[in-house]
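Quick note on labels: first sequence line is chain A, next is B, and so on, each numbered from 1. Hydrogens, waters and symmetry mates are skipped; everything else that's a heavy atom, side chains included, is used.
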Amino acid sequence: MISSYKGRTLSWELKERVLELALHRGPCNEIGSHTLEELEKFATTLEAAGDQASVLIVYSSLQCGFCAGADLRELYLRLQGLARAEVVPALRDFLERIHRVMNLIDASPLTTIAAVHGVTFGGGFELALTCDLIIADKMARFCFPELRLGLVPGFGGIPRLKRDMGNAVVRDLLLTGRSFNAVKSQQCGLVSQIAAEGEALKLARATASQLTKFDRQTAAAAKKFIKPIPHDDLRREIDLFCELFLQPAVAAGLKRFVESKDAQPYLP
Amino acid sequence: MPDADQTLEQILDLAAKHFKVPRDKLTPDDDFFRTLKIDSLQALDLLTRLEQHFHVELPDYELQGVSDFRTLASRIQSRL
């Protein structure tokens with residue numbers, strides 16, 4: 001495995017059996033084609049990391065937050081250049097690739113921790129949901145804003161949230177599109193620990209150092225037993241996303257979002 | 001429980017302190033995006049601080065179109 005890597009959108013480093021993946025693509029780690037390529041590279045490393053690592057920590061080194069989700073600007077511009085018949089195949093290809101990465105992180109034998117702060121929206125929230133534990137800075141906010149654009153989350157968010165939480169919480173997040181703060185998120189079982197401002201990574205590292213003391217095979221077996229990957233729902237989510245994407249309201253919503261000069265573009 | 005005027009004062013105090021703006025420069029009818037020179041992400045930060053300070057939940061959609069301190073205070077007051 002590659003024990004350290006510094007890319008355009010992310011970096012990773014293995015140190016004392018803890019693999020740390022840092023996101024650092026401005027403005028707020030939006031996931032587009034470059035991030036996806038590097039996440040695929042990371043997934044290959046993660047698959048080979050079992051012998052040398054016990055814990056994975058995913059975090060953002062940018063001040064704005066963990067991740068603002070999919071790169072909607074890139075998505076919009078890319079799809080604008082395609083004929084209608086080419087849109088869904090291109091979209092499906094992107095979604096299947098990101099799902100493969102998310103599924104690999106979700107099912108990794110390592111114990112995984114998302115150390116989040118600030119904006120943890122859409123695809124960023126979905127990335128955090130692949131992890132076994134979420135450690136949140138007290139200023140973190142979680143949100144699925146996709147319905148505001150006429151869409152549903154497309155990177156595996158609903159099936160994972162449904163697996164981990166009560167259906168009422170899933171409906172609240174999904175159907176209102178409102179954001180939860182860290183305290184609310186901990187109250188409903190989403191967040192494992194809350195850190196003081198700027199301290200989430202430190203807390204994640206402290207937790208990781210405890211986790212590295214456990215027998216790796218036992219921890220991996222326990223995780224496999226308790227955390228099934230909802231493959232059927234994940235496939236249905238891709239189908240639903242592609243079906244909804246062709247509605248005229250989506251193109252209009254994306255256009256409005258991308259061209260918005262509003263002071264509150266996170267509320268399209 | 002603070003009354004409406006106290007809520008408004010506390011919001012102005014908190015905004016001035018956090019965004020390092022002289023308190024006497026802030027008035028209830030100011031557009032806080034403009035006065036505090038904040039963007040949407042910093043507005044989310046303000047929302048979180050207000051939720052923590054007043055121990056309330058403020059759904060984002062309630063703040064849609066809200067940009068002055070007085071209206072913000074009335075939204076908070078209705079949840080205290």
Side-chain angles (χ1 to χ4, degrees), chain A residues 26-30 60 62-69 116-122 124-125 136-148 169 172-188 191 194-198 257 260-268, chain B residues 1 7 10-21 25-80:
Chain A
C28 196
N29 291 319
E30 288 79 1
S60 158
L62 303 184
Q63 197 185 353
C64 62
F66 180 67
C67 170
V116 308
H117 67 280
V119 171
T120 307
F121 279 19
F125 189 6
D137 179 298
K138 67 191 282 200
M139 296 302 292
R141 292 198 84 90
F142 301 85
C143 179
F144 279 134
E146 285 82 355
L147 231 70
R148 301 171 191 169
V169 176
D172 192 352
L173 278 163
L174 186 67
L175 300 179
T176 68
R178 71 179 174 124
S179 58
F180 282 9
N181 65 26
V183 172
K184 168 86 176 172
S185 302
Q186 189 181 41
Q187 283 166 351
C188 66
V191 162
I194 295 182
E197 265 187 87
F257 180 83
S260 173
K261 292 198 171 22
D262 196 306
Q264 295 172 301
Y266 67 94
L267 294 172
Chain B
M1 185 182 98
T7 298
Q10 287 178 30
I11 291 171
L12 292 166
D13 289 347
L14 188 147
K17 185 178 167 201
H18 181 66
F19 293 104
K20 298 184 173 54
V21 175
K25 298 275 185 215
L26 301 181
T27 63
D29 297 312
D30 281 344
D31 178 327
F32 50 77
F33 284 102
R34 200 170 304 153
T35 316
L36 301 175
K37 297 187 177 71
I38 60 174
D39 60 19
S40 60
L41 294 181
Q42 289 166 307
L44 267 183
D45 182 281
L46 176 63
L47 172 68
T48 307
R49 289 181 197 284
L50 292 172
E51 285 183 331
Q52 288 171 357
H53 180 84
F54 290 104
H55 304 287
V56 293
E57 273 186 65
L58 288 170
D60 316 44
Y61 50 81
E62 276 206 8
L63 301 182
Q64 208 155 21
V66 174
S67 57
D68 65 282
F69 292 108
R70 192 185 301 280
T71 314
L72 182 59
S74 77
R75 296 285 196 275
I76 291 172
Q77 193 67 25
S78 65
R79 289 182 173 268
L80 290 175

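- We find the CD-NZ distance between B:E51 and A:K184 to be 10.0 Å, quoted to the nearest 0.5 Å.
- In the displayed structure, B:R34 atom CZ is contacted under 6.0 Å by at most 12 heavy atoms of other residues, nucleotides or ligands.
- Heavy-atom distances place no part of A:Q63 under 4.5 Å from chain B, backbone and side chain included.
- Contact between A:K138 and B:Q52 at its shortest, heavy atoms only, is O-NE2, 3.0 Å.
- Most heavy-atom pairs under 4.5 Å with chain B: of the set A:N181, A:V119, A:T176, this distinction falls to A:N181.
- To the nearest 0.5 angstrom, B:L44 atom CG is 4.5 Å from A:F121 atom CZ.
- The pair A:R178-B:E57 counts as a salt bridge, with a side-chain nitrogen and a carboxylate oxygen less than 4.0 angstrom apart.
- Atoms CG and SG, from B:D39 and A:C64 in turn, are 10.0 Å apart once rounded to the nearest 0.5 Å.
- Using a 4.5 Å heavy-atom threshold, the side chains of A:R141 and B:L47 count as touching.
- Note that CG of B:D60 and OG of A:S179 are 3.0 Å apart. Values are rounded to the nearest 0.5 Å.
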